[in-house]
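Everything below concerns the one structure shown next.
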There are 2 protein chains.
Amino acid sequence: MTADSPTANVVTLSGLKAACSTCNLHDLCLPYGMNDADVAELERIVSRSRPFSRGRTLFRADEPFRAIYVPRSGAVKTYILGADGSEQIIGFHLPGEVIGLDGMVEHRHQLTAQALELAGVCEVPFDLLEHAAARVPALQHQLMRLMSREIAGKEQQLLTLGDHSPERRLALLLLDLSQRYARRGFSATEFNLPMSRQDIAAYLRLAAETVSRAFGKLQRDGLVDVNGRLVRITNSIALAAFSGQLSADDQSRAS
Amino acid sequence: MTADSPTANVVTLSGLKAACSTCNLHDLCLPYGMNDADVAELERIVSRSRPFSRGRTLFRADEPFRAIYVPRSGAVKTYILGADGSEQIIGFHLPGEVIGLDGMVEHRHQLTAQALELAGVCEVPFDLLEHAAARVPALQHQLMRLMSREIAGKEQQLLTLGDHSPERRLALLLLDLSQRYARRGFSATEFNLPMSRQDIAAYLRLAAETVSRAFGKLQRDGLVDVNGRLVRITNSIALAAFSGQLSADDQSRAS
DNA sequence: CGGAAGATTGAGCAGGATCAAAAAATGTGG
DNA sequence: CCACATTTTTTGATCCTGCTCAATCTTCCG
């Protein structure tokens with residue numbers, strides 16, 4: 001249990017034990033559905049790292065897959081560099097959302113994970129986790145649930161990109177973030193975006209200029225109120241209708 | 001072990017036991033990494049259905065999630081209907097590729113799965129599978145590997161859609177199918193597409209006309225030879241280079 | 001053989017990318 | 001705390017690519 005060295009480049013994690021039992025992400029994260037004894041078992045595996053400051057990478061694409069990571073606070077983006085060197089953002093990860101589950105097959109990470117803001121992160125060595133899962137059925141079940149959630153989430157994202165209108169893509173992202181913040185106990189209608197406009201553009205596969213204009217349009221239409229990174233959803237029903245999530249009837253009623 | 005009734009609408013599966021031990025998809029599917037005793041355990045769970053003819057659905061979005069499905073032969077597409085009623089195709093599934101793993105969290109299927117051609121399918125009740133996985137570590141491991149593969153695959157798909165050029169998107173799909181066929185013992189350079197042009201369009205988020213033109217372009221450039229659904233990859237290196245999978249150097253060399 | 005669905009080809013249009021510049025926010029050092 | 005430098009975001013103008021509409025051709029069924 002040595003003190004953290006302030007050396008910036010070293011991403012080695014300290015051996016600090018996690019406190020899953022007192023973590024408020026309990027029911028979003030790995031411990032969900034487990035009893036106290038099981039959680040204790042989990043805590044022996046999980047270690048908390050020194051916080052990652054903005055821009056620091058948790059791991060890079062092609063690095064060997066050893067562990068999965070879960071932010072406790074802050075936010076993380078995962079991306080891969082395209083053929084032209086541009087960042088293709090694959091996901092934004094809020095506290096309790098597991099990162100790195102895609103590395104199991106190839107035994108290496110498929111993506112690069114980078115902190116969007118100061119982020120406390122838990123590291124979970126995957127081999128230990130798997131062994132524990134074999135002993136603790138509740139852990140096995142929850143681990144699979146998290147993987148299933150990841151699959152469903154990516155499918156949802158494919159749907160978002162399938163929608164052609166930039167405004168609708170942006171609306172879907174804002175609604176998605178809204179729900180995820182709400183589930184974490186934050187406001188569903190007012191929150192700070194952890195990512196830049198360019199990040200949003202790279203995620204929605206749009207030009208940054210288009211994202212800016214899309215924000216303008218949503219604001220002009222009275223759906224959201226945007227001030228820099230602060231977003232307030234002024235009419236969530238209309239926003240959902242506009243995004244195409246509601247039926248055609250609702251849509252016409254809201255417009 | 002009653003004979004299958006020919007009633008078309010009934011998707012109830014017959015109780016026929018699977019023969020995972022003699023299935024040639026062994027190392028792609030669930031049995032991978034398991035010993036004979038473990039496979040025998042798995043066979044008690046898996047049941048083979050009467051083949052699904054073209055256009056028949058294995059399950060529909062919103063239906064309760066009870067089982068996952070694996071085609072033994074043929075091909076299956078998964079999709080969801082967009083707000084405007086259009087089919088948004090999420091995936092094409094070849095033999096050995098598990099379908100339905102996204103249903104675990106919400107306890108209902110997120111997508112509709114439909115046979116693209118006559119398809120033999122294995123049905124695996126998920127609760128039984130999970131119980132078996134808790135007893136058989138090799139099964140637990142492989143199940144997680146399959147889920148991880150699914151996540152990585154969806155991420156790859158997001159990358160494909162991120163690419164703006166229709167020709168490159170199509171090239172990436174063809175290369176993807178090529179690899180997947182190759183791993184199944186089929187030719188990597190010559191194969192029949194199981195899906196229509198419209199399906200390809202719905203998958204790549206393009207208009208059908210654009211897909212047609214993209215095929216024309218790839219053919220004119222001497223990368224592929226297309227006759228209806230028969231595809232022959234005449235220059236796989238150039239095709240990979242064109243798709244952006246290879247480095248910029250390779251790309252300039254091939255063009 | 002005929003009908004229908006699917007695929008291809010062509011012409012015109014619109015929407016998002018790109019290029020360019022101004023404005024705002026962020027951060028840094030004095 | 002402010003001034004300055006840098007980055008980020010917004011706004012404007014133009015261009016180009018993929019969508020739409022329309023017609024033809026093909027294939028696949030009964």
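Below, read A as the first sequence line, B as the second, and so on, with proteins coming before strands; counting in each chain starts at 1. Bear in mind the structure is a predicted one, so any value in this text is a computation, not a measurement.
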Are Glu167(A) and Arg213(A) ion-paired here, with the side-chain N under 4.0 Å from a carboxylate O? no

Roughly how far, to the nearest 0.5 Å, is CG of Leu223(B) from CG of Asp225(B)? 11.0 Å

Could you tell me if Glu123(B) and Tyr69(B) have a donor-acceptor pair between their side chains, going purely by distance under 3.5 Å? yes

Rounded to the nearest Å, what distance is computed from the CZ atom of residue Arg168(A) to the C1' atom of nucleotide dG15(C)? 15 Å

Report the distance from atom CG of Asn227(A) to atom P of dT9(D), rounded to the nearest whole Å. 14 Å

Interatomic distance, Leu230(B) CG vs dT27(D) P [rounded to whole Å]: 13 Å

Report the distance from atom CZ of Arg229(B) to atom C1' of dT27(D), rounded to the nearest whole Å. 11 Å

Without decimals, in angstroms, what is the distance between Gln219(A) CD and dT11(D) C1'? 15 Å

Quick one: Leu193(A) CG to dT9(D) P, roughly how many Å, whole number? 10 Å

Qualifying ring pair (Phe, Tyr, Trp, His ring centres under 6.0 Å) pairs, either residue in residues 212-239 of chain B, two or more places apart: none

If you take any heavy atom closer than 4.0 Å to DNA chain C, which residues from residues 198-218 of chain A end up in contact? Arg205(A), Leu206(A), Ala207(A), Glu209(A), Thr210(A), Arg213(A)

Glu97(A) and Arg180(A) ion-paired at < 4.0 Å: yes

How long is the line joining CZ of Arg54(B) and P of dC28(D), in whole Å? 11 Å

Assess whether atom CZ of Arg229(A) is packed by more than 12 heavy atoms of other residues, nucleotides or ligands within 6.0 Å. yes

